[in-house]
2 protein chains.
Amino acid sequence: MKKFPEKATHGVQLIADAVPLVNTYPKVPLTIDCVIFGFEENKLKVLLIKSDLAIYEGKLSLLGDFLRDNEELDDAAYRILKERTGMTDVFLEQVKVFGRPNRHPGGRVITIAYCSLLNIQHHELKIHDNDLNWYSLTNLKDMAFDHKEIVDSCYHWLQESIQEHPLGFKLLPHKFALRELQNLYEAILGVSLDRRNFRKKFASMDLLIDTQEMEQDVSHRPGKLYKFNFEKYEKNKRKWIGIDF
Amino acid sequence: MKKFPEKATHGVQLIADAVPLVNTYPKVPLTIDCVIFGFEENKLKVLLIKSDLAIYEGKLSLLGDFLRDNEELDDAAYRILKERTGMTDVFLEQVKVFGRPNRHPGGRVITIAYCSLLNIQHHELKIHDNDLNWYSLTNLKDMAFDHKEIVDSCYHWLQESIQEHPLGFKLLPHKFALRELQNLYEAILGVSLDRRNFRKKFASMDLLIDTQEMEQDVSHRPGKLYKFNFEKYEKNKRKWIGIDF
DNA sequence: GTTTATATTGTAAAATTCACACATTTCAAA
DNA sequence: TTTGAAATGTGTGAATTTTACAATATAAAC
């Protein structure tokens, strides 16, 4: 037995089958924009393209595209990433929606910002055919659309996240030296840390696997290479951290 | 001097003015859903309505609506909240977008989930005219659409957030007793905490203002009432918390 | 005034954080 | 091969924070 409700959900008419007629709903253009971070030369970098819009001539833009029919949100972000970098198996997380009515000069477009963390060395960038390139986060001028705001927002998200979750490793090679790890934290957080305490901190976590290998091709004493034990981390992850603000 | 790019942004045609024709873009229905939390009888509650869709008869649903033309995302969430609760000046934050292609039985609808924290006592709920009501989070069965998943997601967000940010106070009266605060943390996190250590923790933060008032209408020794010093918190908020995972 | 229920408070042990300096290893250049 | 440069790797004590734990005080209800 099906019932006809008096008021329709969201104020839209229903059909006899009691399923809302979605095609009568108001619609809006929706895109996904990817903030792809990498770490190189001890600097946090973001993967950008030169805007192909004349009104944004010379300005930098995020990699984005429309969400396709029947496409999962995460899949769309993943598709954009793969199209541009050729990489699969990359960390990706939804960060925030940006929907200011005037954020797009041609009319309203809502965008979902995804943040992606990858290791620049691990992949072959197809920079050849266009202006796709890595840019230092520090000297980013204004960008196309509200993309600067989106980047800032994702950067802030990253700063918080690497303190609470083991995400920094996604930016490093699988095998990394402790000095690289510390450089990464110092660069992203903009602080300087004591080397001994930093190492003790990670040693006490007992989540680093000694690969028994050493750095290669460094012009000084090479450091030991470690891997992060994601499995063990996931297994022992605790819920209660503590009140701390 | 304006240029005609060879490839249009997002694969959509441009006009002579070099501004994309947004009205040629693919579009999708977009809603905002509000997960409104309250705290009552030492339980975390969420404000829900009975679904008015026949296929979801008897199931509970979040409060939501379509995003309007030229409406800011936050404003839309705020509008929904105000329409339903009459409250203004309420904490509200975007949490996550849900866009599974089949999440809506009538066709694709994307929704942006907002989380809102308010004090149940502070407001007069207009429950009279419909089935709007507070429900305990603990015994929530399956809900309309993917709303259970959305609630779970916001609950998890809340559990993490109250440990890192002073959001729990939004759920309490402006003036509260320490026991109420502890009950709130215990209920939301599902842990039990030592009373003395809990109080010492907050005392050491030095962010509680002693109102010099006491609880009223309790059938036992009343506790002191405190206010949280949001101003001082904002002023001294530190960026570096520490690596901890 | 007795009971009941909760508020309030302190201390010692353990764990964690923090500040701080020197010897070692490798590479590169002389 | 010697030497200098540069980065690795490590330990300790002080300070701070966390944790575990129990007795007294206060107000309301009877």
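Keep in mind the model is a prediction, meaning the values are calculated, not measured. Here is the naming used below: chain letters follow the sequence lines, and residue numbers restart at 1 for every chain.
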Flag if over 12 foreign heavy atoms under 6.0 Å of [atom1], [X]:
X      : atom1 : value
A:H220 : NE2   : yes
B:H165 : NE2   : yes
A:N139 : CG    : yes

Measuring from A:L140:CG to A:K148:NZ, what's the distance to the nearest 0.5 Å?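 Result: 6.0 Å between the selected atoms.
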Student check: side-chain heavy atoms of [X] and [Y] closer than 4.5 Å:
X      : Y      : answer
B:V46  : B:V35  : yes
A:I243 : B:M205 : yes
B:Y78  : B:L92  : yes
A:N119 : A:L171 : no
B:E40  : B:Q121 : yes
A:L47  : A:L118 : no
A:Q159 : A:I188 : yes

Can you list, in residue-number order, the parts of [range] that come under 4.0 Å of DNA chain D, counting heavy atoms only?
range                       : value
residues 191-200 of chain B : B:D194, B:R196, B:N197, B:K200
residues 235-245 of chain B : none
residues 212-226 of chain B : B:V218, B:S219, B:H220, B:R221, B:P222

To the nearest Å, how far apart are A:F202 CZ and C:dT17 C1'?
->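 The answer, rounded to whole Å, is 15 Å.
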(Q) Without decimals, in angstroms, what is the distance between B:K201 NZ and C:dT9 P? (A)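 Spelled out: NZ on B:K201 to P on C:dT9 is 18 Å.
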### Query
Which class fits the ring pair B:F230 and B:F228: parallel under 30°, tilted 30 to 60°, perpendicular over 60°?
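It falls in the perpendicular class, over 60°.
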task: Please work out which of the three classes, parallel, tilted or perpendicular, describes the rings of B:F169 and B:F176, given edges at 30° and 60°.
output: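 Tilted: the ring planes of B:F176 and B:F169 meet at 30° to 60°.
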Next on the checklist: Let's see if you get this right: which residues in residues 180-188 of chain B place a heavy atom under 4.0 Å from DNA chain C?
Outcome noted: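 Here the set is empty: none.
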- Along DNA chain D, 5' to 3', what are the outermost nucleotides having an atom less than 4.0 Å from a heavy atom of chain B?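 Endpoints of the contacted stretch of DNA chain D: D:dT18 to D:dA29.
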Next on the checklist: Check whether A:S136 reaches the backbone of A:T138 with its side chain - one donor and one acceptor, N or O, closer than 3.5 Å.
Outcome noted: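 Between the backbone of A:T138 and the side chain of A:S136 there is no qualifying donor-acceptor contact (under 3.5 Å).
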### Query
Looking just at side-chain N and O atoms, do B:S51 and B:S61 make a donor-acceptor pair shorter than 3.5 Å?
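There is no such pair (donor and acceptor under 3.5 Å, judged by atom type) between the side chains of B:S51 and B:S61.
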Indicate, with yes or no, if the rings of A:F145 and A:Y56 have centres closer together than 6.0 Å.
->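 Centroid distance A:F145-A:Y56: below 6.0 Å, so yes.
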- Task: Would you work out how much the helix from C:dG1-D:dC30 to C:dA30-D:dT1 bends between its ends, with each end axis defined by five base pairs, to 10 degrees?
- Result: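 Rounded value for the end-axis angle: 10°.
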